[in-house]
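Here's the structure we're looking at; comments come further down.
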Amino acid sequence: MAGLYHLVRLKDKWFRLDEPLDVAYQLGLSVDGRYVSGCLTDFQIYIQGGRPAWVWFQEFLGVIPPLNQVQKFAVNCTWFQETFGECPAGADEETVRRFAPRLEEMDTYSCGSAALAWLYRCMCRVANRHVVKLAGPLQLLQSWIFWRFPRFRPARYDTCSWPLASRWSGYNPSGSEKGPRVQMWRLRIDMLQPRDMPYSSPEVLQVVHPEVLEPRHTAMWRSMTSLIYFAMIEWHQIDRVLPQFGGVQPRPQPTLNIDFLMSKDGQDGDRWFPSTLQF
């Protein structure tokens with residue numbers, strides 16, 4: 001109902017390691033639909049009724065998390081799991097609503113675009129010398145690496161399934177694989193051959209969900225558009241990766257990045273996208 005069935009098939013244990021098309025194929029998330037946006041501060045200014053965020057939180061879930069479970073504007077996932085992990089037996093309708101909110105509208109949002117924008121931001125931030133951990137939808141990044149760089153793939157995972165990331169869902173690297181990985185991967189990169197595994201290969205097409213191949217989605221894959229992460233805009237320049245779609249790579253056009261928007265790092269206050277960037 002929420003359009004997330006393919007994503008939940010992936011197993012958590014796969015992620016113990018320290019492009020819109022890729023999101024659709026790798027994770028089975030939609031890249032078409034309404035945009036995902038929000039505002040972390042001054043929430044009440046933009047929401048009808050003018051109520052602070054925590055008031056809405058309590059009305060929706062019936063409880064406020066303790067202060068030690070809140071980090072800035074985020075609530076720890078463990079608190080949600082412990083508080084709403086299992087709906088009590090004999091619960092009334094209001095309690096059921098809080099434990100199992102209606103999900104019909106989630107499938108109307110472009111969750112894939114939001115995931116990709118978030119991953120781009122996280123990869124930019126981790127390049128900072130003081131950042132030691134990489135956040136974001138790393139299952140997308142890891143699966144993309146395995147598909148695009150065959151020498152990086154773990155052995156004995158040859159069966160394709162949908163979404164494509166589920167091919168590696170049982171992968172749990174042993175201690176022997178976690179040795180001098182930097183040197184090993186540098187050597188593998190040096191040994192790469194001019195080949196890849198395009199998404200148009202028969203073994204991929206036979207497992208791809210038919211909905212992903214609808215014209216309204218394929219048109220999105222080939223469009224040069226903007227990825228919006230709160231008040232930051234980055235251009236998704238599809239003209240630079242056309243071979244992934246079975247196309248011929250022309251000489252790339254000059255980059256479309258807008259310097260003054262790229263320089264926004266969220267440190268100068270939060271923004272509400274529909275009003276700040278409407279033009």
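Under the 3.5 Å distance criterion, the side-chain polar atoms of Thr83 are matched with a main-chain donor or acceptor of Trp79. Judged by distance alone, with hydrogens and angles left aside, the side-chain atoms of Asn76 form no donor-acceptor pair with the main-chain N or O of Thr78 at under 3.5 Å. Listed for the Arg167 side chain is no donor-acceptor partner under 3.5 Å among the backbone atoms of Cys160.
The aromatic rings of Phe84 and Phe99 sit perpendicular to each other, their planes meeting at more than 60°, with 30° as the lower class boundary. Using cut-offs of 30° and 60° for the angle between ring planes, the Trp168 and Tyr157 rings count as tilted.
In this structure, Val126 and Lys133 approach most closely via the heavy-atom pair CG2-O, 3.7 Å. Counting all heavy atoms, side chain and backbone alike, Gly112 lies closest to Val31 at CA-CG1, 4.4 Å. The minimum heavy-atom distance between Asp32 and Ser30, with the atom names listed, is O-OG, 2.8 Å. A pairwise comparison of heavy atoms in Ala135 and Leu138 identifies O-CD2, 3.4 Å as the closest pair. Closest heavy-atom contact between Val208 and Trp162: CA-CE3, 3.7 Å. Shown here for Ala24 and Val212, the closest heavy-atom pair between the two residues is CB-CG1, 4.0 Å.
Atoms CG and SG, on Leu27 and Cys111 in that order, are 11.0 Å from each other to the nearest 0.5 Å. Taking CD of Glu59 as the reference point, atom CZ of Arg98 lies at 9.5 Å (rounded to 0.5 Å). Annotation: the span from His209 atom NE2 to Glu214 atom CD amounts to 9.5 Å, rounded to 0.5 Å. The CG atom of Leu29 sits 10.5 Å away from atom CG of Leu116, with the distance rounded to the nearest 0.5 Å. With rounding to the nearest 0.5 angstrom, the OH atom of Tyr25 is 14.5 Å from the CG atom of Leu140. Separation of atoms CZ (Arg153) and OG (Ser143) is listed at 9.5 Å; rounding is to 0.5 Å.
At a threshold of 4.5 Å between side-chain heavy atoms, the hydrophobic network of Ile, Leu, Val, Met, Phe, Trp and Tyr places Met123 and Val131 in one connected group. Phe60 and Val55 are assigned to two separate hydrophobic clusters, defined by single-linkage of ILVMFWY side chains at heavy-atom distances under 4.5 Å. If you chain together hydrophobic residues whose side chains sit under 4.5 Å apart, Leu61 and Ile64 fall into the same group.
Heavy-atom neighbours of Glu105 CD from other residues, nucleotides or ligands within 6.0 Å: at or below the threshold of 12. Within a 6.0 Å radius of CD in Glu86, other residues, nucleotides and ligands contribute 12 heavy atoms or fewer. Applying the 6.0 Å contact sphere to CZ of Arg156 captures no more than 12 heavy atoms from other residues, nucleotides or ligands.
A heavy-atom distance below 4.5 Å is not found between the side chains of Val36 and Ser113. Leu134 is listed as a side-chain neighbour of Cys122, based on a closest heavy-atom distance under 4.5 Å. Side-chain contact between Leu119 and Trp144 is absent, with no heavy-atom pair separated by less than 4.5 Å. Side chains of Phe146 and Pro154 form a contact here, defined as non-hydrogen atoms less than 4.5 Å apart. With a 4.5 Å cut-off on side-chain heavy atoms, Asp22 and Leu164 do not count as touching.
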**Report entry** Glu93/Arg97 under salt bridge (charged side-chain N to carboxylate O under 4.0 Å, His left out): CA gap, chis, key distance, verdict
**Finding:** CA-CA 6 Å; Glu93 183 176 349; Arg97 183 191 65 79; over 6 Å; no

